[in-house]
Amino acid sequence: MCSAPRLRSPLRVIKRNSRRTLILALLACATLVWSAINSFDVPVEEMAWLAFYSFLGVFSIIVAAALFVALLQSFRWLLRGGWREQVDEEDQGRGSS
């Protein structure tokens, strides 16, 4: 019997491409740090602190963005009725049984 060839899912291809992009970006950053240390005689300790503060800054931006999105979602939920919709749905469920 001959089976049909499996087609690749577009989502799987996107995941593979994004993983490859992430790895290449990390390697590029490591290359820049290595070249700064070797070419410009920047102390390793100073580069380590710079990397630490950079990661801390990026992490704080991610946390702030997540909090902002959560705040916007909660406002949207409240503007659409919030708890009132849930209470109305429970009342309708009790009334019909």
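All residue numbers refer to positions in the sequence shown, counting from 1.
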Next on the checklist: Hydrophobic cluster membership, with links at side-chain heavy-atom distances under 4.5 Å among I/L/V/M/F/W/Y: are Val44 and Met47 in one?
Outcome noted: yes
Next on the checklist: With rounding to the nearest 0.5 angstrom, report the CZ to CD distance, Phe68 to Gln73.
Outcome noted: 11.0 Å
Next on the checklist: Within this structure, what is the CG-CG distance for the pair Leu32 and Leu27, rounded to the nearest 0.5 Å?
Outcome noted: 11.0 Å
Checklist entry - Is Leu26 reachable from Leu24 through a run of I, L, V, M, F, W or Y residues, each pair having side-chain heavy atoms under 4.5 Å apart? => result no
Next on the checklist: Please enumerate all residues that pass side-chain hydrogen bond (donor to acceptor under 3.5 Å, both in side chains) together with Asp41, with sequence neighbours excluded.
Outcome noted: none
Item to check | Path from Leu67 to Leu72 over hydrophobic side-chain contacts below 4.5 Å | outcome: no
Checklist entry - Going only through I, L, V, M, F, W and Y residues with side-chain contacts under 4.5 Å, is there a path from Val42 to Val33? => result yes
Next on the checklist: I need the Leu50 CG to Phe55 CZ distance, nearest 0.5 Å.
Outcome noted: 9.5 Å
